[in-house]
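Here's the structure, in structure tokens; my notes come after.
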Number of protein chains: 2
Amino acid sequence: MADDLRARLRGKGFRLTPQRQLILDAVERLGHGTAEDVLAEVQQQVSAVNQSTVYRNLDVLEQLGLVRHIHLTGKAPTYHSTSGPQHFHLTCRNCRCVISVDQDVAAEFTARLRAEHGFVVDVGHLTVFGHCESCDRSDPPEDPHAQPESPA
Amino acid sequence: MADDLRARLRGKGFRLTPQRQLILDAVERLGHGTAEDVLAEVQQQVSAVNQSTVYRNLDVLEQLGLVRHIHLTGKAPTYHSTSGPQHFHLTCRNCRCVISVDQDVAAEFTARLRAEHGFVVDVGHLTVFGHCESCDRSDPPEDPHAQPESPA
DNA sequence: TTCCATGCAAACACTTTGCACCGTG
DNA sequence: CACGGTGCAAAGTGTTTGCATGGAA
């Protein structure tokens, strides 16, 4: 498994380093997490991995298709591993909950965009904003700048 | 028209200032623009409007529902006026072109999300990433954050 | 032995904030 | 004439970069 990773990296001229491995592990362990979350998670393990290393490696891992990022807020992007079924996200602007939805639910929609506009949707990157079931009845003044806690 | 604006502002305890008016005008003139674009546009008119004033007022105007912002890139958000028909955006990650699509095209999709997840979509804020017609055939390497092929 | 990768600190882009003054209502 | 708005500069976030050193292949 580490050898598989090594091979994938080598294939694009990258090397396998302990940091690289730790960062990928951290993303998988976290489910969804920002670069900052990943940094914290990694540092909990052994000790020092630098911030820049995290940014640089999330980039590399994304180039390899091993992780992906989405924008759940206007701020820092959230990374997740690409193992597991592809899905997209609904995020409630009120309570900030995040719902993962199987990509099939978007199939008709994306087919239509392809047919009518020749546009090929990257479903894995899709984030749909709105209000979740419980926040929809009451529609309290939304705070455009409130910050979320770590999403599930 | 300015009186209408004045009234809307007053209704929420805001005042009508020349800067406020200029900023709203600039957003309408630009179509789509970042805070920076708006600043530049406004400064071209008369002279001084401060950066902070632009940020503060885009906020106010958004609270009033007169402008909206979307995220076309991972960076600075793009503002547009809410006059005109509601639409959402397709943005090509390769050539960065932006296609505006009438909200009706998303109607089935949003209805489904509402039915299956009780989630009410804010269509005006929706941005769909992918590849446009011309960039889909060739998938040339690109900008700093171009996305790779889909993972397994 | 060759390059890619890392750590570190400084630079960056974008946005927010504190404060004194200004001007609308 | 009170209170919201503005300009200015400084402080914040989140991210990137230059450079010397370190380590995988």
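A quick note: this is a predicted structure, and the numbers were derived from the prediction, not measured. Below, chains carry the letters A, B, ... as their sequence lines are ordered, and counting in each starts from 1.
For the atom pair NE2 of A/H87 and CG of A/D102, the computed distance is 9.5 Å after rounding to the nearest 0.5 Å.
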B/S/- along nucleotides 20-25 of chain C (protein heavy atoms under 4.0 Å) is ---BBS
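For B/H69 and B/H80, the distance between ring centers is not under 6.0 angstrom.
A straight line from CG of A/L9 to P of D/dA25 spans 9 Å, rounded to a whole angstrom. In this structure, CG of A/L5 is placed 10 Å from P of D/dA25, rounded to the nearest angstrom. Here the C1' atom of nucleotide C/dT16 and the CD atom of B/Q51 are 10 Å apart, to the nearest Å. When the C1' atom of D/dG5 is taken as reference, atom CD of B/Q63 falls 14 Å away, rounded to whole Å. Regarding B/L39, its CG atom lies at a distance of 11 Å from the P atom of C/dT15, rounded to whole Å. Rounded to whole Å, atom C1' of D/dG14 lies 10 Å from atom NZ of B/K75. As rounded to whole Å, 18 Å separates atom P of D/dA25 from atom NZ of A/K12. Rounded to a whole Å, the CD atom of A/E36 is 14 Å from the P atom of D/dT16.
If you check D/dT15, D/dT6, C/dT15 against the side chain of A/A76, the one that comes closest is D/dT15.
Summarising the hydrophobic clusters (Ile, Leu, Val, Met, Phe, Trp, Tyr; side-chain heavy atoms under 4.5 Å, direct or chained), the residues clustered with A/V105 are A/F88, A/L90, A/I99, A/V101, A/F109, A/L113, A/F119, A/V121, A/V123, A/L126, A/V128, B/F88, B/L90, B/I99, B/V101, B/V105, B/F109, B/L113, B/F119, B/V121, B/V123, B/L126, B/V128.
A salt bridge does not link A/R29 to A/D37: none of the charged side-chain nitrogens sits closer than 4.0 Å to a carboxylate oxygen.
In this model, the phosphate group of C/dT6 is not approached by any side-chain N or O of A/N50 to a distance below 4.0 Å at OP1 or OP2. The side chain of A/Y55 contributes an N or O atom lying less than 4.0 Å from OP1 or OP2 of D/dT15. Side-chain N/O atoms of A/S52 include none lying less than 4.0 angstrom from OP1 or OP2 on C/dG7. Between A/Q19 and C/dG7, a side-chain N or O to OP1/OP2 separation shorter than 4.0 Å is present. Under 4.0 angstrom from either OP1 or OP2 of D/dT6 there lies at least one side-chain N or O belonging to B/N57.
Heavy-atom contacts from other residues, nucleotides or ligands closer than 6.0 Å to CD of B/Q86 number more than 12.
Taking both residues in full, the closest heavy atoms of A/T91 and A/L72 are given as CG2-CD2, 3.5 Å, listed atom of the first, atom of the second, then distance.
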Evaluate the side-chain contact (heavy atoms from CB on, under 4.5 Å) criterion for residues A/R112 and B/E108: first the C-alpha distance (whole Å), next the side-chain angles of each, then the deciding distance (0.1 Å), finally the verdict. CA-CA 10 Å; A/R112 189 164 174 188; B/E108 272 179 309; 4.1 Å; yes
